[in-house]
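In what follows, a structure is listed as structure tokens, so that the remarks can point back to it.
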Amino acid sequence: MTSGTAALQERRYRILVTGYAISSYGTFLNVVALSLYVYAVTDRALAVGVFMAVRLAAGFVAGLAAAAVLARWSPKGVMFWANVAQAAALLLLVLAPDGFRTGTLFAVSAVVGASGTLFMVTLRSSIPDMVGEGRHTWANSLMVSGRSMAMVAGFASSGVVVSLLGYTAAFLVDMVTFLVCALTVLLLPMPMSPARGNEEKDSQGEDVEGSQGSQEEGADRQGRRRDGRRRVPAALVALGAVPVLGLMVALRGIDALGSSSHNAALPVYSTELDADNPAVFVSVFWCVWALGNVLVQQVLQRYTKRTGRSVGALGFGLGTIAMSGTFILAFAGLPWAATVLVALLAGAADGLTEVSYTSHLQTLPSPLRTHAFGLSATVENLGFGVGMIVVAAALDVFTPLSVVGVAHGAAIVLALVYVARVLRGRGAQEAGEAQEAHEAQEAQEAVPASEAREGKQGKQVEQGEQGKGESGAGPARGGHRDGAEVSGG
């Protein structure tokens with residue numbers, strides 16, 4: 001790849017990330033505005049919970065269907081229409097008559113949940129094709145940085161936008177952000193419609209690089225087209241073939257459950273600290289968290305540029321331990337200065353886990369990568385959804401510290417198991433590499449003796465000794481046999 005091509009790829013990816021950050025602002029503004037609007041329309045707290053449940057359930061289903069969708073549609077088309085669908089849903093909500101508002105709200109919840117999940121699965125799985133080899137960590141860091149800043153801006157401005165401009169204005173702002181993201185997707189140098197030739201090749205199990213894993217995945221896709229019922233088992237079997245990947249995705253799900261605990265507990269804990277101004281602690285905590293997240297992305301980008309390495313699977317496990325530990329400390333009643341430092345470290349650890357996890361999954365072959373991100377989105381939605389229900393009930397009985405401690409403590413325990421598995425795998429790999437190096441050295445030492453025998457045989461042939469020439473085939477075969485024995489030992 002030429003430097004000009006790489007620069008063009010990077011520029012277009014930066015434009016896409018800008019659009020994604022803008023739509024993320026709309027998403028987080030959307031979360032607050034829609035939840036408040038549901039309560040205003042229905043006057044029931046239960047309706048708010050059902051609204052969130054519908055959104056998470058739609059994301060759960062979309063994660064399962066992501067691989068099948070991307071097998072039929074191009075990534076560019078999926079990302080474009082996912083944004084257009086969210087914009088259209090919000091416009092429908094604005095135009096809906098009063099008698100249809102409640103039903104429209106839950107339809108919007110389903111569309112936003114499914115479309116958002118499809119967009120994220122497609123974006124994460126397509127990044128290697130957008131930025132090229134060796135640029136995954138940089139690309140993921142840029143994406144996470146944009147989303148973190150958008151989250152703070154969305155949450156911080158939601159109250160102002162809704163209070164001063166009203167719900168309709170908030171929904172129209174959300175709609176515009178999704179349309180802006182859709183326009184940035186159109187600038188990508190990718191086809192909107194799938195290439196039929198590539199689909200036929202994939203259905204026959206042929207990979208352009210000739211990898212056996214992709215051949216098996218191509219056959220898997222063909223089988224799924226014939227029988228949709230095989231979609232989930234095929235994904236699970238494919239992921240199970242990759243070492244520790246299943247445990248990695250499971251840890252991501254438990255991490256999502258832990259995230260639900262601190263998201264639900266923060267308002268309760270903040271109210272206990274200052275009942276008159278409960279929003280102060282929450283706002284400060286998330287702003288400092290976002291600062292830590294953005295700072296660690298700068299460190300990761302420089303580390304990758306200097307060393308050419310990424311933090312990888314081990315970084316994900318260690319980052320999860322650090323993140324869960326700091327979130328527990330955030331509810332321990334520490335002084336303000338210590339709590340601010342804890343929030344900064346929590347954001348940094350959260351950013352590290354996001355980038356390392358995404359970068360590791362992006363090293364998988366394309367079909368398997370889509371399955372991995374789709375299943376991951378499903379597991380994350382399930383963990384967060386179940387967590388919100390369980391945590392909400394637990395907070396009525398137990399303190400925020402105990403609830404968050406149990407949820408994030410479970411993540412720490414599983415993360416320790418995961419780290420041990422990764423380290424054991426690395427030890428086995430290093431032992432295998434040492435064995436290969438030893439075998440190569442033995443093979444190299446055997447070469448001079450083999451060459452001496454071949455030289456003697458050549459001299460005998462030149463002297464015209466027919467009998468010797470015939471018998472020379474024996475030592476030649478013996479030389480090849482010795483080589484096979486060396487390499488096979």
Side-chain angles (χ1 to χ4, degrees), residues 22-65 81-121 150-151 153-182 256 259-260 263-264 267 279 377-378 380-393:
I22 292 172
S23 69
S24 295
Y25 167 79
T27 297
F28 292 112
L29 175 62
N30 197 330
V31 168
V32 177
L34 281 174
S35 297
L36 292 173
Y37 188 65
V38 170
Y39 187 75
V41 169
T42 63
D43 197 28
R44 298 184 63 185
L46 177 61
V48 179
V50 174
F51 178 84
M52 292 300 298
V54 169
R55 185 170 183 164
L56 291 170
F60 179 91
V61 174
L64 292 177
W81 289 111
N83 281 284
V84 171
Q86 293 180 81
L90 289 166
L91 180 61
L92 178 64
L93 179 60
V94 170
L95 299 177
D98 291 340
F100 295 90
R101 288 287 173 86
T102 302
T104 304
L105 273 170
F106 290 101
V108 168
S109 178
V111 171
V112 169
S115 299
T117 298
L118 280 177
F119 178 84
M120 282 309 302
V121 170
M151 186 192 76
F155 282 150
S157 66
S158 58
V160 177
V161 172
V162 172
S163 300
L164 297 182
L165 303 178
Y167 291 112
T168 299
F171 298 151
L172 290 176
V173 169
D174 295 347
M175 182 188 72
V176 171
T177 64
F178 291 121
L179 291 177
V180 170
C181 187
S259 296
S260 70
N263 274 280
T378 298
E380 289 176 52
N381 277 301
L382 179 63
F384 194 84
V386 171
M388 289 298 289
I389 297 172
V390 174
V391 167

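The side-chain heavy atoms of V173 and Y25, taken from C-beta on, include a pair separated by under 4.5 Å. Looking at V111 and L92, their side chains never come closer than 4.5 Å, going by heavy atoms from C-beta outward. Put simply, the side chain of L56 does not reach to within 4.5 Å of the side chain of F60, judged on heavy atoms. Taking the side chain as every heavy atom from C-beta outward, C181 and F119 approach each other to under 4.5 Å. Using a 4.5 Å cut-off on side-chain heavy atoms (C-beta onward), L93 and L105 make contact. Side-chain contact between Y167 and V94: absent, with no pair of heavy atoms (C-beta onward) separated by less than 4.5 Å.
If you take OG1 on T27 and CD1 on I22, they are separated by 12.0 Å, rounding to the nearest 0.5 Å. T42 contributes atom OG1, which lies 10.5 Å from atom OH of Y37 (distance to the nearest 0.5 angstrom). Note that CG of L34 and CZ of R55 are 7.0 Å apart. Values are rounded to the nearest 0.5 Å. To the nearest 0.5 Å, atoms CZ (F171) and CG (L165) are separated by 12.5 Å. The OG1 atom of T117 sits 10.5 Å away from the CG atom of L64 when rounded to the nearest 0.5 Å. In this structure, CE on M388 lies 11.0 Å from OG on S259, to the nearest 0.5 angstrom.
Between L118 and A62, the shortest heavy-atom distance links the atoms CD2-O, 3.9 Å. Between V84 and A182, the closest heavy-atom pair is CG2-CB, 4.2 Å. The shortest heavy-atom contact between E380 and A256 is O-CB, 3.5 Å. Taking both residues in full, the closest heavy atoms of A264 and P267 are given as O-CD, 3.4 Å, listed atom of the first, atom of the second, then distance. In plain terms, the two heavy atoms of A33 and A170 that are nearest each other are CB-CB, 4.2 Å. What you find for S115 and A85 is that their closest heavy atoms are OG-CB, 3.7 Å.
At distances below 3.5 Å, at least one donor-acceptor pair connects side-chain atoms of S109 with backbone N or O atoms of F51.
For the side-chain contact (heavy atoms from CB on, under 4.5 Å) with D174, the lone residue among L90, V112, L179 that qualifies is L90.
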